> 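My questions will all concern the structure given below.
FYI, side chains are in, hydrogens and waters are out, and symmetry mates aren't considered; it's all heavy atoms of this structure. None of these values were measured; they are calculated from a predicted model. Position 1 is the first residue of the sequence, and the numbers go up from there.
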Amino acid sequence: LLSLYPGKRCQEWVSVIICFSLMALNFCHLLANFHLSHISYILLGIVAGILTADFASGLVHWGADTWGSVDVPIFGKAFIRPFREHHIDPTAITRHDFIETNGDNCMLTLVPLANMAYKFMTLSPAELYYSYPWDCYVFSLAIFVTLTNQIHKWSHTYFGLPRWVTLLQDCHIILPRKHHRVHHVSPHETYFCITTGWLNYPLERCGFWRALEDLIQGVTGEKPRSDDMKWAQKTK
């Protein structure tokens, strides 16, 4: 992995620069096309985007924590292993700089952000008026997907955080530190959502993740988190 990092570092830089440039461009277009009649739809779109990002973070986190093995060629080392190591050393993420922390998520949102920018530059004002609520949803979703790893990093940072970050955590607008500690109690089987954490309690209450695990285990015979437990024992 280290031998691949110089090229990956370049990809991360390019992704971050393009992503935040597109965000700024789209935000300017959203402001230019704002109408008071959209207020309720804007608020709905923003909240829906945040909830979608939170659920997506939980689904990816649950999948990587629960299934697969670090021994799977390429995918195991590149994707699953970081999740295993995070349970062993949760604060390692705090030693990553901004580019390393956010580069991959920035790459994920490039296509929807670029598509949004294209729409703003090609559609008529009337067409933009009717698509505006959807654009607010996509923009909100893109922002919170992009910042998920940064928010996760902050949830493991106990010293030196800016006051505005701790305020957002205390108000539970982003993932609070105390809230995320629930997930880091072995065997790491709950509270997978790491963007805002808003969905963790309702998903846990209704047994959503356990139901999915029972279904997959019944179909495949694979036991949830078996590789995660083996990995933890190997590193003791």
> Is there a path of hydrophobic side-chain contacts, each under 4.5 Å between heavy atoms, that joins L31 and Y137?
yes
> Measuring from S69:OG to R84:CZ, what's the distance to the nearest 0.5 Å?
7.5 Å
> In terms of the angle between their ring planes, are H156 and H180 parallel, tilted or perpendicular, with boundaries placed at 30° and 60°?
perpendicular
> I need the minimum non-hydrogen distance between T122 and Y118, along with the two atoms involved.
OG1-O, 2.7 Å
> Is there a path of hydrophobic side-chain contacts, each under 4.5 Å between heavy atoms, that joins V47 and L147?
yes
> Can you tell me if Y158 and T91 form a side-chain donor-acceptor pair at under 3.5 Å?
no
> Could you report the tightest heavy-atom contact between P224 and Q217, atom names first, then the distance?
CD-OE1, 3.5 Å
> Specify the closest pair of heavy atoms between H172 and T196, including all atoms of both residues, with the distance to one decimal.
NE2-O, 2.9 Å
> Got a second to check how far K153's NZ is from T101's OG1, nearest 0.5 Å?
4.0 Å
> Looking at Y41, I want to see if its OH is surrounded by more than 12 non-hydrogen atoms of other residues, nucleotides or ligands under 6.0 Å.
no
> Determine, step by step, whether F208 and L199 satisfy the side chain to side chain contact (heavy atoms under 4.5 Å, CB included) criterion, reporting the C-alpha distance in whole Å, the side-chain angles of both residues, the deciding distance to 0.1 Å, and the verdict.
CA-CA 11 Å; F208 179 80; L199 292 176; over 6 Å; no
> Heavy atoms, side chains only, cut-off 4.5 Å: are L167 and C171 in contact?
yes
> Less than 4.5 Å apart, side chain to side chain, heavy atoms only: is that true for K119 and V138?
no
> Please report the interatomic distance CZ(F120) to OG(S131), rounded to the nearest 0.5 Å.
7.0 Å
> What is the ring orientation for H38 with Y132, classed by angle as parallel under 30°, tilted 30 to 60°, or perpendicular over 60°?
parallel
> What are the two closest non-hydrogen atoms of N200 and F192, and how far apart are they?
OD1-N, 3.2 Å
> For the residue pair N149 / H96, report whether a side-chain donor-acceptor contact shorter than 3.5 Å exists.
no
> State yes or no: are the ring centers of Y191 and H184 separated by less than 6.0 Å?
no
> Y129 and S37: side chain to side chain contact (heavy atoms under 4.5 Å, CB included), yes or no, with the steps?
CA-CA 10 Å; Y129 179 87; S37 59; 2.9 Å; yes
> Quick one: are T146 and M23 in side-chain contact, heavy atoms under 4.5 Å?
yes
> Stepwise, does the salt bridge (charged side-chain N to carboxylate O under 4.0 Å, His left out) test hold for E213 with R225?
CA-CA 10 Å; E213 290 167 11; R225 283 171 294 281; 2.9 Å; yes
> Answer yes or no: is there a side-chain heavy-atom contact under 4.5 Å between I194 and H183?
no
> Name all residues meeting the salt bridge (Lys or Arg N to Asp or Glu O under 4.0 Å) criterion together with R205; count only those two or more places apart in sequence or in a different chain, and write none if there are none.
none
> With the 4.5 Å side-chain cut-off for hydrophobic clustering, are L113 and I46 part of the same group?
yes
> Please check: side-chain N/O of T109 versus main-chain N/O of C106, any donor-acceptor pairing under 3.5 Å?
yes
> Find out whether T166 and R177 are in side-chain contact, i.e. whether some heavy atom of one side chain is under 4.5 Å from a heavy atom of the other.
yes
> Please name the pair of heavy atoms, one in S57 and one in T148, separated by the smallest distance, quoted to 0.1 Å.
CB-CG2, 4.0 Å
> Does a donor on one side chain sit under 3.5 Å from an acceptor on the other, for D65 and H87?
yes
> Would you please indicate if the ring centroids of H152 and H86 are separated by under 6.0 Å?
yes
> Could you go through the side chain to side chain contact (heavy atoms under 4.5 Å, CB included) check for D135 and H29 one step at a time?
CA-CA 10 Å; D135 292 330; H29 280 294; over 6 Å; no
> For residues Q11 and D104, determine if any side-chain heavy atom of one lies less than 4.5 Å from a side-chain heavy atom of the other.
yes
> Please report the shortest heavy-atom distance between D97 and R9, naming the atom on each side.
OD2-NH2, 2.6 Å
> Evaluate the side-chain proximity of S140 to I50: yes if any heavy-atom separation is below 4.5 Å, no if none is.
yes
> For the hydrophobic clusters of this structure (ILVMFWY residues joined by side-chain heavy atoms under 4.5 Å, transitively), does one cluster hold both L22 and L30?
yes
> Given the rule that I, L, V, M, F, W and Y join up when any side-chain heavy atoms are under 4.5 Å apart, are Y201 and W209 in one cluster?
no
> Side chains of W62 and L212: closer than 4.5 Å at any heavy-atom pair?
yes
> Taking atom CZ of F27 as the centre, report whether more than 12 heavy atoms of other residues, nucleotides or ligands fall under 6.0 Å from it.
no
> Rounded to the nearest 0.5 Å, what separation is found between the OG1 atom of T190 and the CZ atom of R210?
6.5 Å
> Please report the interatomic distance OG(S155) to CZ(R181), rounded to the nearest 0.5 Å.
10.0 Å
> When rounded to the nearest 0.5 angstrom, what distance separates CH2 in W67 from CD1 in I216?
5.0 Å
